[in-house]
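For reference, the structure is listed below as structure tokens.
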Amino acid sequence: MEPPRRNLAEVQKVITSAHQGTTLEEKLQFYDRWAFEYEQLYRHGFRIFHGVDGSEQMLQHAEQKRLYQELKQNILGHEPLAAPTDWFDAVIIVGALSVGQVPLSVIPELCRVTKPGGFLCLTTRTNHSNLQYKSELQERLQDLESTELWERVTVLDVKEWEKATSMEEASPGSDFISGTVYLYRKKVASASTQG
Ligand SMILES: C[S@@+](CC[C@H](N)C(=O)[O-])C[C@H]1O[C@@H](n2cnc3c(N)ncnc32)[C@H](O)[C@@H]1O
């Protein structure tokens, strides 16, 4: 049975409760409860083959889409990914890199599983309570570039990333939260650097 459709005010209420300063465990429990009707909130389908999430219910929901060859529960930033090094053509983490969710300690692990020549795409939000996290994320990405193993392909600021659920969180003069998409490419090691 299709879950009930929500109006904007109801969706905002759900998202507000997701962004409250709760512990990671409480957040994952929240997503467990939200999973069965989460699909209403996105407009485009996923086309990735392997997926991970900390929420068992989110994984079960994803499984019903029949898009994924493999779905695994993984507490990102707290345990390694069950994948070999240099494995995926593209690694994408959307909507999860923010304060109280996936810690920045996940970055080396995302890098590890990306194939040389492959892409790493990350997103974060620019709302007030996430500014410190975003600035630390950008520092980590700078460090990545300075290793010369990674190159920045593009960084895209998106003004209207998602509807804000309160004025404090909205960008000035807007009722949206802005966000940023970072796209990096893992360099293919040249003969001289292969050693
Ligand atoms: C806003 S949803 C985004 C889901 C999906 N990536 C998308 O774009 O539709 C945030 C997701 O991050 C997951 N999550 C939050 N912290 C996590 C962690 N440390 N490890 C694994 N998953 C986590 C939640 O369970 C939830 O499914």
Side-chain angles (χ1 to χ4, degrees), residues 1-84 87-114 120-127 129-130 133-134 137 158 160-166 169 176-177 179-182:
M1 197 175 73
E2 280 291 302
R5 295 197 74 79
R6 292 182 188 274
N7 63 32
L8 181 61
E10 288 166 337
V11 171
Q12 283 179 330
K13 212 169 145 191
V14 174
I15 297 171
T16 302
S17 59
H19 292 169
Q20 273 163 4
T22 52
T23 64
L24 175 60
E25 196 183 0
E26 286 168 323
K27 271 209 158 58
L28 295 179
Q29 282 168 4
F30 164 84
Y31 283 112
D32 273 347
R33 292 194 299 277
W34 192 16
F36 87 104
E37 56 183 342
Y38 182 78
E39 190 75 5
Q40 286 180 31
L41 297 174
Y42 44 82
R43 287 174 289 176
H44 302 289
F46 282 85
R47 292 293 184 273
I48 59 173
F49 297 105
H50 292 197
V52 294
D53 200 283
S55 154
E56 183 60 43
Q57 294 299 316
M58 277 298 206
L59 291 169
Q60 284 181 22
H61 188 65
E63 199 172 345
Q64 289 165 15
K65 300 289 149 196
R66 297 174 186 271
L67 290 173
Y68 300 89
Q69 290 175 331
E70 213 170 85
L71 284 164
K72 288 193 176 132
Q73 190 168 29
N74 183 288
I75 308 298
L76 291 163
H78 295 269
E79 52 188 352
L81 288 165
W87 189 249
F88 295 109
D89 292 315
V91 173
I92 303 170
I93 180 162
V94 176
L97 283 175
S98 62
V99 65
Q101 295 205 88
V102 178
L104 292 170
S105 52
V106 75
I107 305 273
E109 193 56 7
L110 300 177
C111 293
R112 181 186 70 78
V113 299
T114 309
L120 173 60
C121 181
L122 319 102
T123 75
T124 197
R125 290 182 280 114
T126 318
N127 54 308
S129 56
N130 199 51
Y133 182 99
K134 183 180 177 182
L137 170 64
V158 180
E160 297 188 348
W161 181 262
E162 67 183 44
K163 272 273 192 185
T165 54
S166 71
E169 292 294 281
F176 279 86
I177 287 174
T180 306
V181 182
Y182 305 89

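In this text, all values refer to a predicted model and were calculated from it rather than measured experimentally.
The side-chain contact (heavy atoms from CB on, under 4.5 Å) search around E56 returns D32, Q60, Q73, not counting sequence neighbours. Under the side-chain contact (heavy atoms from CB on, under 4.5 Å) criterion, D53 pairs with S55, M58, L59, sequence neighbours left out. Contacts of T126 classified as side chain to side chain donor-acceptor pair (under 3.5 Å), with partners at least two apart in sequence or in another chain: K134. Residues meeting the side chain to side chain donor-acceptor pair (under 3.5 Å) test with Y133, sequence neighbours left out: none. In this structure I75 satisfies the side-chain contact (heavy atoms from CB on, under 4.5 Å) test together with L24, L28, H78, E79, sequence neighbours excluded. Residues satisfying the ring pair (Phe, Tyr, Trp, His ring centres under 6.0 Å) test with F88, not counting sequence neighbours, are H50. Under the side chain to side chain donor-acceptor pair (under 3.5 Å) criterion, N130 pairs with T124, sequence neighbours left out. With sequence neighbours excluded, no residue forms a side-chain contact (heavy atoms from CB on, under 4.5 Å) with P108.
The salt bridge (Lys or Arg N to Asp or Glu O under 4.0 Å) contacts involving residues 96-111 comprise E109-R112, where partners must be two or more places apart or lie in separate chains.
The backbone N or O of P80 lies less than 3.5 Å from a partner atom in the side chain of N74, making a donor-acceptor pair. A donor-acceptor pair under 3.5 Å is formed between the side chain of T123 and the backbone N or O of G95.
When all heavy atoms are compared, the tightest approach of G77 to P103 is CA-CG, 3.9 Å. What you find for E160 and F176 is that their closest heavy atoms are CB-CD2, 3.5 Å.
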Go through S166 and E169 one step at a time and tell me if the side-chain hydrogen bond (donor to acceptor under 3.5 Å, both in side chains) criterion holds. CA-CA 6 Å; S166 71; E169 292 294 281; 5.2 Å; no
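Taking CD from E162 and CD1 from I177, the interatomic distance works out to 4.5 Å, rounded to the nearest 0.5 Å. L81 contributes atom CG, which lies 6.5 Å from atom CG of L110 (distance to the nearest 0.5 angstrom).
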